[in-house]
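These notes concern the structure reproduced below.
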Amino acid sequence: MGSSKREAPPLPERLAPIIDAHTHLDACGAHDEESLRAIVDRADSAGVGTIVTVADDLDAAENAVRFAHWDDRVHAAVALHPTRANALDDHARARIEELALDERTVAVGETGLDWYWPGKLEGCATRSEQEDAFRWHIDLAKRIGKPLMLHNREADDDLVRVLLSEGPPESVIFHCFSSGPSMARTCLDHGWILSLSGTVSFRNARDLHEAALLIPHEQMMVETDAPYLTPHPYRGAPNQSYCLPYTVRALAELRGEAPEDVAAGTTATARRVYRL
């Protein structure tokens, strides 16, 4: 998790082009055009010239679309996070659908299943509420013809079960993929996209390292999930889109590839999937 106790990482050596496939600009401190531009300019200076900012509740969905209209380097994804699925009433459904149809919105997300928080987090949506909301978001993505962006925490089997029972949309993105090689193979066999975050740079993430070696560039994206999951060696410091080159270089080293090749490959995938 991001923390203000450690100072922010230094600006990495520029690596371009890179697309941050998933971040939360409002949680990173963007609240008006000036603060938004400062974050996006800093990312741009590191080579991260395109950013997809993602909603986890209705206010964040409104912000994401507003930000995407303020700066043409920013695009939006809108949904209710699985832990907030109990807020998906008729008003929320109507508004999420309206925002999802906006020309600056490139995906429906983040939706999915989170089996970690129920019973631990006060007010967290139950498993059945999460599954109902997930099915609604799948249907929305198919109806409007936009990619589905998934949050999956300790729910591999159930997530795949629900996706296959509903019939997945054409493009499915597993944001912050953190499962092992078996789940990676299942996703890759179905043609789904795996987006890797700073966790791939963590030394103890052995299952994820094994999974990351299996992913072809055409099914791989990279993301920050900022302000969380800051890459090694800055774990615990506040994360922002400008930090993404650290993750790309760690991923390239893990795979025995040139960082420029990983940057180019993941950027091509993000452009295709998000239709940028």
Practice task
Would you kindly check if the NZ (Lys) or CZ (Arg) of Arg235 is within the cone defined by 45 degrees around the ring axis of Phe202 and under 6.0 Å from the six-membered ring centre?
Solution key: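 Pair Arg235/Phe202 counts as cation-pi.
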Problem - Arg127 NZ/CZ over Trp115 ring centroid, <6.0 Å and within 45° of normal - result: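 So Arg127 does make the cation-pi contact.
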Using distance alone, with no hydrogens and no angle criterion, decide if [X] and [Y] have a side-chain donor and acceptor under 3.5 Å apart.
X      : Y      : result
Ser197 : Asp225 : no
His137 : Glu166 : no
Ser35  : Asp32  : yes
Asp56  : His151 : no
Thr83  : Asp114 : no
Ser171 : Arg272 : no
Asp57  : His81  : no

Practice task
Would you indicate whether Asp41, at its atom CG, is surrounded by more than 12 heavy atoms from other residues, nucleotides or ligands within a distance under 6.0 Å?
Solution key: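 Count over threshold, so yes.
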Handout entry: Over 12 non-hydrogen atoms of neighbours within 6.0 angstrom of CD in Glu253
Key =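 No - once you tally the heavy atoms of other residues, nucleotides and ligands closer than 6.0 Å, there are 12 at most.
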Handout entry: Flag side-chain contact, heavy atom, 4.5 Å: Tyr246 against Pro9
Key =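 Side-chain contact under 4.5 Å: yes.
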Exercise for the section: With the side chain counted from C-beta on, respond yes when Asn239 and Pro231 share a heavy-atom pair under 4.5 Å apart, and no when they do not. Expected result: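 In short, these two side chains touch, coming nearer than 4.5 Å.
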Exercise for the section: Determine yes or no for a side-chain-to-main-chain donor-acceptor pair under 3.5 angstrom, with Arg275 supplying the side chain and Val106 the backbone. Expected result: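 Such a contact is absent between Arg275 side chain and Val106 backbone.
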Practice task
Examine distances only and state if a side-chain atom of Thr230 and a backbone atom of Ala237 form a donor-acceptor pair shorter than 3.5 Å.
Solution key: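 Yes; at least one donor-acceptor contact below 3.5 Å.
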Practice task
Name the orientation class of the two ring planes belonging to Trp192 and His190 (parallel below 30°, tilted from 30 to 60°, perpendicular beyond 60°).
Solution key: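 Ring orientation of Trp192 relative to His190: parallel.
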Practice task
Evaluate the side chain to side chain donor-acceptor pair (under 3.5 Å) criterion for residues Ser165 and Arg135: first the C-alpha distance (whole Å), next the side-chain angles of each, then the deciding distance (0.1 Å), finally the verdict.
Solution key: CA-CA 9 Å; Ser165 71; Arg135 290 181 188 276; 2.9 Å; yes
